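Keep in mind that what you see is a predicted model, and the values were worked out from it rather than measured.
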Amino acid sequence: MEAIMGSDIKRGTVEMTAAMLISGTIGWFVVMSGQPVSGVVFWRCLFGALTLLVICGALGLLRPGIITLRAFGIAISGGIAIVLNWLLLFASYSHATISIATTVYNTQPFMLLVLGALFLGEKITATKLFWLTLAFAGMIAIVEAKPGTGGAASDGYGLGILMALSAAFFYALAALAAKWLKGTPPHLIALIQVATGMLMLAPMTDFSNPPRDAGGWAILVTVGVVHTGLMYVLLYGAIQRLPTHLTGALSFIYPIAAILVDRLAFGHALQPMQIAGATIILLAAAGMNLGWTPRWLRPRAVES
């Protein structure tokens, strides 16, 4: 039994690491595609839907009765939120750089914390409030920082941060919808989400200006097949196999990978205040995900 559990953890760790590394490179593909953000998201949804359709069919998830009408409606609502999240996050790259946008986007656990308290009756403990306050302090540091010469223009910097924050909010809404869909096959939820996005964005996609060469199409196909279809399979496989604390710990590969890609591919280096703010946000998110409790917030042992 222990050998089986150890094997699951090893496999889950590999899957989660791969999923986060894939996620960390999506900014490069979005920028290099040369397409409008709405176009990138449409093609992501289209190629992602085709990939997930095959996967769901292979897993037997397309048979009638596997999802209720209510769950289907909630999945569509989550799909609208996740597509708005992609649109805002991808648009933020050109204003605040991939590094800053991705770091700010990692405030999503705190958005979900507040939404959970409002709609699910979940309690915000003193420890969670501490990490929330710390993340807010990191956000202030990033907002106050001035972009470097290799970064985004200063007049669009604040807009980029606002877009990334809004993207985090819509991601939290999608995660909230997923909580209401407990028991529904996650790959089927993902298929409904990308199909919803495809229908949402079709009217505003400029089909008269597609990629001009095979390289451009390859980038869009990769975003759909690898960054959506394959990434979902790896992520959900890892979540099923790993304990929550390990899932949370490995999720920080994503922003670190994005920062490295931004630096190597585009030469965007974080400034000291941005580094400080990013470090504080990631530390707060780690504390939140891994359940760390500062010593002074721990309950005192009762003396007998």
Side-chain angles (χ1 to χ4, degrees), residues 22-55 76 78-102 104-105 147 150-171 174 190-232 254 257-258 261-268:
I22 290 171
S23 296
T25 63
I26 193 168
W28 182 88
F29 282 86
V30 169
V31 173
M32 295 305 294
S33 71
Q35 292 288 304
V37 169
S38 59
V40 174
V41 178
F42 171 80
W43 294 112
R44 178 183 193 180
C45 289
L46 174 62
F47 293 123
L50 293 174
T51 305
L52 288 164
L53 187 65
V54 173
I55 293 170
I76 290 176
I80 294 171
I82 205 71
V83 170
L84 291 173
N85 148 71
W86 287 339
L87 288 170
L88 288 162
L89 180 62
F90 294 169
S92 70
Y93 292 157
S94 61
H95 296 286
T97 76
I98 294 170
S99 300
I100 292 300
T102 304
V104 171
Y105 181 65
S154 58
D155 58 345
Y157 183 67
L159 177 61
I161 290 175
L162 183 60
M163 284 179 169
L165 276 174
S166 300
F169 172 74
F170 282 110
Y171 180 89
L191 174 59
I192 295 170
Q193 288 178 338
V194 293
T196 299
M198 195 170 55
L199 295 175
M200 279 175 60
L201 296 173
M204 63 184 74
T205 301
D206 183 8
F207 295 105
S208 65
N209 187 31
R212 298 180 180 179
D213 53 29
W217 280 111
I219 287 175
L220 295 178
V221 170
T222 301
V223 169
V225 175
V226 178
H227 291 89
T228 306
L230 177 60
M231 198 277 289
Y232 267 113
Y254 165 43
V261 167
D262 198 24
R263 174 61 173 150
L264 295 174
F266 304 109
H268 293 161

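Note that OG1 of T51 is 10.0 Å distant from CG of L191, once rounded to the nearest 0.5 Å. Separation of atoms OH (Y171) and CD1 (I82) is listed at 6.0 Å; rounding is to 0.5 Å. For the atom pair OG1 of T25 and CE of M231, the computed distance is 10.0 Å after rounding to the nearest 0.5 Å. Separation of atoms CD (Q193) and CH2 (W86) is listed at 7.0 Å; rounding is to 0.5 Å. The line from CZ of F90 to CD1 of I26 is 3.5 Å long, rounded to the nearest 0.5 Å. Taken from CG in L159 to OG in S166, the straight-line distance is 9.0 Å, to the nearest 0.5 Å.
The shortest distance between side-chain heavy atoms of L220 and F47 falls below 4.5 Å. In this structure, Q35 and D206 have side chains that are not in contact, with every pair of non-hydrogen atoms separated by 4.5 Å or more. Side-chain contact between I100 and Y157 is present, with heavy atoms from C-beta onward closer than 4.5 Å. A 4.5 Å side-chain heavy-atom check between Y254 and T102 finds at least one atom pair inside the cut-off. Between C45 and V83 there is a side-chain heavy-atom pair separated by less than 4.5 Å. In this structure the side chain of I22 reaches within 4.5 angstrom of the side chain of V226, judged on heavy atoms. Contact annotation: the side chain of W28 approaches that of F266 to within less than 4.5 Å [non-hydrogen atoms, C-beta and beyond]. Inter-residue side-chain proximity for H268 and I98 is flagged as unmet; no heavy-atom pair is nearer than 4.5 Å.
In this structure, V104 and A164 approach most closely via the heavy-atom pair CG1-CB, 3.8 Å. Here the closest non-hydrogen pair linking S38 and T205 is O-OG1, 4.2 Å. Of all heavy-atom pairs spanning A91 and S94, the tightest one is O-OG, 3.1 Å. Among all heavy-atom pairs drawn from I219 and S33, the shortest one is CG2-CB, 3.8 Å. The shortest heavy-atom contact between L89 and A101 is CD1-O, 4.2 Å. Minimum interatomic distance between G229 and I55 (heavy atoms only, all atoms of both residues): O-CD1, 4.2 Å.
Around the CZ atom of F42, the shell of radius 6.0 Å holds more than 12 heavy atoms that belong to other residues, nucleotides or ligands.
Checking side-chain atoms of S92 against main-chain N and O of I161 turns up no donor-acceptor pair under 3.5 Å. The backbone N or O of S99 lies less than 3.5 Å from no partner atom in the side chain of R263, so there is not a single donor-acceptor pair. Side-chain N or O atoms of H95 include none that pairs as donor or acceptor with a backbone N or O of G158 at under 3.5 Å.
Under the side chain to side chain contact (heavy atoms under 4.5 Å, CB included) criterion, L199 pairs with no residue at all, not counting sequence neighbours. A search for side chain to side chain contact (heavy atoms under 4.5 Å, CB included) contacts involving A168 returns Y105, T107, Q108, M111, not counting sequence neighbours. By the ring-ring contact (aromatic ring centres under 6.0 Å, His included) test, Y232 is found to be paired with Y236, residues two or more places apart in sequence or in another chain being considered.
Considering L230, V194, I192, V225 in turn, V194 is the only one that fulfils the side-chain contact (heavy atoms from CB on, under 4.5 Å) rule with L52.
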